[in-house]
Amino acid sequence: MLDHVSLGVGDIARSRDFYDAVLRPLGLVRIVDFRAGKGADYGAAPGSTGVEFTITEERGAVIPSCGSHMCFRAPDRAAVSAFHRAALSAGGRDDGGPGPRDYHAAYYAAFVLDPDGHRIEAVCHTPEAPEVIL
């Protein structure tokens, strides 16, 4: 449904360091720097058609939108935990450690705030064991 999503950031170098660290465990890497060094694209495939997430340095204060968050799909629960550890090591703030959530039986996620205060989530929907239907 969505091709890519972009966030405005206050300090591109700080945000690149943060997103380079937190997205790698989820299989996304920085693939393009643009706008004279003021933007960065992330994805799992090279080139402009591989872009899934973008950050751009904006003038003035960056104010995260109340009630919104960005959720990245993780391949497994270990990747959710690695995302959370990387975020805290790279200047993010904890907003809900790795663990199950009440959304459905297999929902396993972690929440962090990036350096600008954007709420970021990593989620794995893979069940630990098959569902048994009688």
Side-chain angles (χ1 to χ4, degrees):
M1 180 170 88
L2 298 176
D3 183 70
H4 66 278
V5 178
S6 180
L7 284 180
V9 300
D11 179 329
I12 193 70
R14 176 185 69 182
S15 292
R16 277 189 186 128
D17 289 345
F18 177 82
Y19 284 105
D20 285 357
V22 303
L23 295 179
R24 184 167 289 282
L26 307 179
L28 300 173
V29 296
R30 184 161 26 119
I31 56 175
V32 177
D33 289 330
F34 64 93
R35 227 175 81 189
K38 298 296 183 183
D41 288 333
Y42 293 83
S48 61
T49 58
V51 175
E52 298 175 50
F53 176 66
T54 299
I55 55 174
T56 57
E57 185 172 83
E58 303 300 329
R59 287 185 232 166
V62 172
I63 302 169
S65 179
C66 291
S68 69
H69 78 280
M70 177 122 12
C71 182
F72 294 95
R73 187 163 291 176
D76 53 40
R77 291 175 178 214
V80 171
S81 295
F83 156 88
H84 189 259
R85 280 191 310 274
L88 299 182
S89 294
R93 292 177 287 148
D94 179 46
D95 199 35
R101 300 295 192 265
D102 294 333
Y103 309 124
H104 64 72
Y107 202 105
Y108 188 89
F111 294 86
V112 298
L113 300 176
D114 81 356
D116 289 291
H118 297 291
R119 191 167 193 235
I120 309 297
E121 175 187 6
V123 64
C124 175
H125 296 285
T126 305
E128 288 192 286
E131 181 180 353
V132 176
I133 300 175
L134 302 175

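As a basis for the values below, the full set of heavy atoms in this structure was taken, side chains included, without hydrogen atoms, waters or symmetry mates.
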Report yes or no: does His84 contribute a side-chain atom to a donor-acceptor pair with the main-chain N or O of Ala122 at less than 3.5 Å? no

Which atom pair, heavy atoms only, marks the closest approach of Ser81 to Pro98? OG-CB, 3.7 Å

Less than 4.5 Å apart, side chain to side chain, heavy atoms only: is that true for Phe53 and Leu26? no

Determine whether the aromatic ring centres of Tyr107 and His125 lie less than 6.0 Å apart. yes

Reported CD-to-CD1 distance for the pair Glu58 and Ile12, which is rounded to 0.5 angstrom: 9.0 Å

Side-chain donor/acceptor of Glu121 to backbone N/O of Ala109, under 3.5 Å: no

Which ILVMFWY residues are connected to Ile31, directly or by a chain of links, through side-chain heavy atoms under 4.5 Å apart? Val29, Val32, Phe34, Val51

4.5 Å side-chain heavy-atom contact, Val9 and Pro115: no

Heavy-atom closest pair (Ser68 atom, Ser65 atom, distance to 0.1 Å) is OG-O, 2.9 Å

Determine whether more than 12 heavy atoms belonging to other residues, nucleotides or ligands lie under 6.0 Å from atom CZ of Arg73. no

Residue pairs passing the side chain to side chain donor-acceptor pair (under 3.5 Å) test with at least one member in residues 21-42, sequence neighbours excluded, are Arg16-Asp33, Asp20-Arg30, Asp20-Tyr42, Arg30-Asp33, Lys38-Glu57, Asp41-Thr54

Mind checking whether Val80 and Val112 sit in one hydrophobic cluster, side chains of I, L, V, M, F, W, Y counted as touching below 4.5 Å? no

Can you confirm whether Tyr19 sits close enough to Leu7 that some side-chain heavy atom of one is under 4.5 Å from a side-chain heavy atom of the other? yes

Tell me, please, which residues at least two apart from Asp17 pass side-chain hydrogen bond (donor to acceptor under 3.5 Å, both in side chains). none

Arg119 side, atom CZ; Cys66 side, atom SG - distance, nearest 0.5 Å: 12.0 Å

The reported gap from CD1 in Ile120 to CG in Asp114 (rounded to nearest 0.5 angstrom) is 5.0 Å

Euclidean distance, Asp94 CG relative to Phe111 CZ, rounded to 0.5 Å: 11.0 Å

Linked, directly or transitively: Val22 and Ile55 (ILVMFWY side chains, under 4.5 Å): yes

Side-chain donor or acceptor of Asp116 paired with backbone N/O of Gly10 under 3.5 Å: yes

Which heavy atom in Ala82 sits nearest to a heavy atom in Pro25, and how many Å separate them? CB-CB, 3.7 Å

Just by distance, do the side chain of Asp76 and the backbone of Ala78 share a donor-acceptor pair under 3.5 Å? yes

When hydrophobic residues are tied together by side-chain contacts of less than 4.5 Å, even through go-betweens, does Phe72 share a cluster with Val5? yes

Drop me the distance from Phe18's CZ to Asp11's CG, to the nearest 0.5 angstrom. 13.0 Å

How close do Ala90 and Ala21 get, counting heavy atoms only, and between which atoms? CB-CB, 4.1 Å

Single-linkage hydrophobic cluster Val123~Met70, side-chain heavy atoms < 4.5 angstrom: no

